[in-house]
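In what follows, a single structure is set out as structure tokens and then discussed.
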There are 2 protein chains.
Amino acid sequence: MAGRLRNPTISDVAKRAGVSVPTVSRVLTGAAKVSAAKRELVEAAIAELDFRPSAAARNLVSRRSQTIAVIAGNTSRYGYAEAIRGVEIAARAEGYTVMITVVESADEDEVDRAIAATLTQALAGVVVLKFDPPGVAALRKIPAHLPVVALSGTRESGIHQAVLDEAAAAEELTAYLLGLGHATVHHVRVPPSRRVDGRTSGWKRALTSAGAVVPAVRDASWDPKSGVAIGRELAADRSVTAVFCGNDEIAMGVMRGITEAGLRVPEDVSVAGFDDHPLAELWSPPLTTVDQDFAGLGSRGFHLLLQAVDGTGDRRFSSELPKLVLRSSTAAPGSR
Amino acid sequence: MAGRLRNPTISDVAKRAGVSVPTVSRVLTGAAKVSAAKRELVEAAIAELDFRPSAAARNLVSRRSQTIAVIAGNTSRYGYAEAIRGVEIAARAEGYTVMITVVESADEDEVDRAIAATLTQALAGVVVLKFDPPGVAALRKIPAHLPVVALSGTRESGIHQAVLDEAAAAEELTAYLLGLGHATVHHVRVPPSRRVDGRTSGWKRALTSAGAVVPAVRDASWDPKSGVAIGRELAADRSVTAVFCGNDEIAMGVMRGITEAGLRVPEDVSVAGFDDHPLAELWSPPLTTVDQDFAGLGSRGFHLLLQAVDGTGDRRFSSELPKLVLRSSTAAPGSR
DNA sequence: TTGAAAGCGCTAACAG
DNA sequence: CTGTTAGCGCTTTCAA
């Protein structure tokens with residue numbers, strides 16, 4: 001088979017179909033009426049040549065694009081990966097293509113570089129995973145003329161955003177633990193996106209409104225192993241009977257630390273996580289957690305963006321309440 | 001602040017700097033010499049206007065692109081997400097931008113649609129995650145003129161590819177288990193990308209060369225929970241003392257099934273996984289597995305692609321041997 | 001309904 | 001070293 005040197009262009013199609021270039025364009029875009037006869041000719045030519053319109057040329061002339069960018073601090077962590085997947089699926093269904101750009105730190109230079117690289121592309125809009133400081137920093141740098149939606153766990157005014165109401169869910173989970181009879185609930189936090197973190201504030205709210213002591217927050221990194229040491233410390237403190245962790249992976253680390261210290265979960269200490277990671281159910285004991293529909297979050301975010309892009313609709317928020325998943329890593333306090 | 005209606009163009013910059021458009025282009029691309037004086041003028045104008053060259057226009061005229069596409073059957077599973085992250089980081093370092101397109105099934109129509117959408121973009125090349133049937137199907141559909149590299153676990157001729165030599169690693173792991181004293185090793189397979197699967201063939205090779213019986217393979221889905229039922233079945237068979245699972249998540253499911261059946265790991269049955277998932281180390285007992293550097297695979301794949309794109313170099317393969325990680329889910333066979 | 005003409009923002013020759 | 005001239009592949013006027 002003789003290798004074609006270049007892709008067929010619209011004028012190749014026009015020539016082959018015996019029509020003008022604009023006519024081919026019309027059947028491509030569907031923007032104007034074309035007689036059935038010519039349309040068939042054109043479609044046949046397109047199929048024969050395996051013609052694909054050049055997005056570059058289209059973007060250039062129409063000043064519009066069918067590409068969106070997703071900006072994320074990470075792409076492989078569970079919640080992030082799922083949210084990206086949700087955006088991608090929703091986008092694909094609407095004929096959009098997605099670019100992904102990772103911003104690994106909130107360092108100004110790095111953020112600038114990443115954003116600059118992204119913005120050279122012709123973009124219809126941007127979805128930012130505002131889950132962490134890099135996400136927050138990136139969001140701030142997006143030029144005002146570009147439609148943006150943020151995906152996050154805490155509602156905030158002034159921007160379009162899809163949220164999972166983490167604070168409400170964390171409050172519910174903490175209240176559940178208190179209801180079990182625990183005097184208070186300790187909290188291990190994952191790196192927060194800003195000063196306030198939904199999971200942490202919901203936890204605090206529940207304790208406060210129940211009149212319980214609010215223990216000092218312990219900070220873990222994103223690495224599940226960072227939970228192990230914290231778990232050991234917690235185990236050493238005899239007053240600790242319930243721990244709420246910022247995510248399931250940290251909860252798993254904390255449980256391991258507690259177990260290594262010779263205590264049992266949930267008999268001695270109850271441990272709850274957040275996210276409903278696919279392995280949470282298989283853990284021993286199965287983890288009480290909060291089911292966060294990250295893929296749904298991504299999908300809602302994309303639709304919000306689409307609305308902003310084509311001006312159909314004026315919704316700025318889409319919020320959803322994650323739901324509690326009660327398993328056996330939590331129980332009423334024992335003798336300890 | 002008065003919203004600018006459109007982005008500044010190269011001619012705005014030229015006007016402001018008092019030079020011609022091609023001169024601006026020259027400083028942008030660095031393709032030709034420009035006097036220091038004019039260069040400074042141009043750079044100042046670029047900064048003042050916050051000008052960013054349009055990738056669409058550039059691609060159109062130069063027939064080159066700084067964008068690559070990653071085609072994957074999934075984006076959120078551990079190995080996939082890590083490989084994509086590796087590609088993205090390597091690409092960004094070289095000034096490339098990455099698009100991601102998901103092909104959820106090997107269904108011909110779906111693959112065609114996804115590829116078609118991707119190919120309208122101006123692409124420098126494509127990286128395909130050939131980890132599963134959708135990946136294999138997608139790879140077949142990429143037009144010959146586009147540089148492609150496949151990421152996979154099994155070396156194959158005729159295409160550029162970066163591989164993690166799974167067969168060799170699986171063979172090594174199986175041999176290790178046999179060396180512990182197990183009469184044979186059972187195998188739970190994750191959905192294979194084609195008829196032959198590196199992990200499975202390595203396992204078989206080790207058994208055969210040791211003269212051990214090759215038990216029937218059991219198939220799991222990608223869902224870790226699918227391992228649970230298989231674990232129970234395995235536990236019911238008194239001849240089973242060692243199990244090698246296609247990935248860590250399935251191994252975790254299998255371990256749970258075995259435990260639920262009242263047996264202990266590793267005293268009654270040894271279980272090994274594959275991939276070294278971040279939670280493998282925290283599992284109880286910590287999982288013996290094989291460390292697969294998926295991010296490194298992605299990075300190697302990108303560099304292979306880059307080589308093919310700019311014609312520097314003629315390497316077609318990059319192979320690496322994953323390494324065993326021995327932990328306590330495996331031990332010498334007990335009394336059973 | 002259709003074609004001719006213009007031009008999107010940029011880079012690639014080509015003179016000078 | 002620099003400017004002028006073309007033109008990438010497409011969509012969008014504008015007439016007919």
Side-chain angles (χ1 to χ4, degrees), chain A residues 4-43 45-46 49-67 97 119-124 145, chain B residues 4-43 45-46 49-67 95 97 116 119-124 145:
Chain A
R4 214 180 31 245
L5 285 162
R6 56 180 191 76
N7 285 327
T9 71
I10 194 172
S11 83
D12 296 329
V13 174
K15 214 164 290 166
R16 174 145 197 153
V19 302
S20 71
V21 166
T23 295
V24 177
S25 174
R26 287 176 190 115
V27 350
L28 248 27
T29 60
K33 258 144 272 283
V34 172
S35 67
K38 301 215 162 179
R39 151 166 286 116
E40 270 168 36
L41 251 29
V42 169
E43 278 165 354
I46 288 175
L49 296 173
D50 192 23
F51 164 75
R52 307 172 213 275
S54 146
R58 281 189 148 166
N59 294 344
L60 185 58
V61 61
S62 67
R63 294 137 173 298
R64 279 179 279 102
S65 160
Q66 293 272 100
T67 299
T97 255
L119 293 183
T120 60
Q121 301 293 127
L123 256 25
H145 64 87
Chain B
R4 214 179 34 248
L5 284 163
R6 56 181 191 75
N7 285 328
T9 71
I10 194 172
S11 83
D12 296 329
V13 175
K15 213 164 291 166
R16 175 147 197 151
V19 303
S20 71
V21 166
T23 295
V24 177
S25 174
R26 288 177 188 114
V27 349
L28 248 28
T29 61
K33 259 143 271 281
V34 172
S35 67
K38 300 217 163 185
R39 150 167 284 114
E40 271 168 33
L41 250 31
V42 169
E43 276 164 356
I46 287 175
L49 295 173
D50 190 26
F51 165 75
R52 305 174 211 275
S54 146
R58 279 188 148 168
N59 295 342
L60 186 58
V61 61
S62 69
R63 293 137 172 300
R64 280 180 278 99
S65 161
Q66 292 273 99
T67 299
T97 254
L119 293 183
T120 60
Q121 301 295 126
L123 257 24
H145 63 87

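Just the heavy atoms: all of them, side chains too, but no hydrogens, waters or symmetry mates, feed the values below. All of these numbers come straight from a predicted model, not from anything done at the bench. Every chain is numbered from 1, with letters handed out A, B, ... down the list of sequences.
- Of all heavy-atom pairs spanning A/T67 and A/A122, the tightest one is CB-O, 3.9 Å.
- A straight line from CD1 of B/I46 to P of C/dG9 spans 16 Å, rounded to a whole angstrom.
- Between the P atom of C/dG7 and the CG atom of B/L60 lies a distance of 17 Å, rounded to the nearest Å.
- Looking at every heavy atom in both residues, B/S65 comes nearest to B/A124 through O-CB, 3.3 Å.
- A straight line from CZ of B/R58 to P of C/dC8 spans 18 Å, rounded to a whole angstrom.
- You can see that DNA chain D meets the heavy atoms of chain A within a 4.0 Å-exclusive cut from D/dG9 to D/dT13, reading 5' to 3'.
- At a threshold of 4.5 Å between non-hydrogen side-chain atoms, the residues A/V27 and A/K38 do not count as touching.
- Considering only side-chain N and O atoms, A/R63 lies under 4.0 angstrom from the phosphate OP1 or OP2 of C/dG9.
- Taking 3.5 Å as the limit, the base of C/dG9 and the side chain of B/R52 contain no donor-acceptor pair of atoms between them.
- Between A/Q121 and A/N59, the closest side-chain pair of non-hydrogen atoms is not below 4.5 Å.
- For B/S54 and B/R26, each mapped to the nucleotide of DNA chain C holding its nearest heavy atom, the one lying further toward the 5' end belongs to B/S54.
- For the segment residues 30-38 of chain B, the set of residues with a heavy atom within less than 4.0 Å of an atom of DNA chain D comprises B/K33, B/V34, B/S35, B/K38, in numerical order.
- Contact annotation: the side chain of A/R26 never approaches that of A/V42 to less than 4.5 Å [non-hydrogen atoms, C-beta and beyond].
- Inter-residue side-chain proximity for B/L28 and B/I46 is flagged as met; some heavy-atom pair is nearer than 4.5 Å.
- Between A/T23 and C/dG3, a side-chain N or O to OP1/OP2 separation shorter than 4.0 Å is present.
- Shown here for B/N7 and B/D12, the closest heavy-atom pair between the two residues is O-OD2, 4.4 Å.
- Nucleic acid contact for B/R39: none, since no nucleic acid atom lies under 4.0 Å from a heavy atom of the residue.
- Mapping A/V61 and B/S62 onto DNA chain D by nearest heavy atom places B/S62 closer to the 5' end of the strand.
- The shortest non-hydrogen separation linking A/P8 to A/D50 is CG-O, 4.1 Å.
- In this entry the distance linking CG of B/N59 with P of C/dC8 reads 18 Å, nearest Å.
- Looking at which nucleotide of DNA chain D each of A/A56 and B/P22 is closest to, the 5′-most match is held by B/P22.
- Using a 4.0 Å heavy-atom cutoff across all strands shown, B/V21 reaches at least one base atom of the nucleic acid.
- Minimum heavy-atom separation, B/S25 to B/I10: N-CD1, 3.8 Å.
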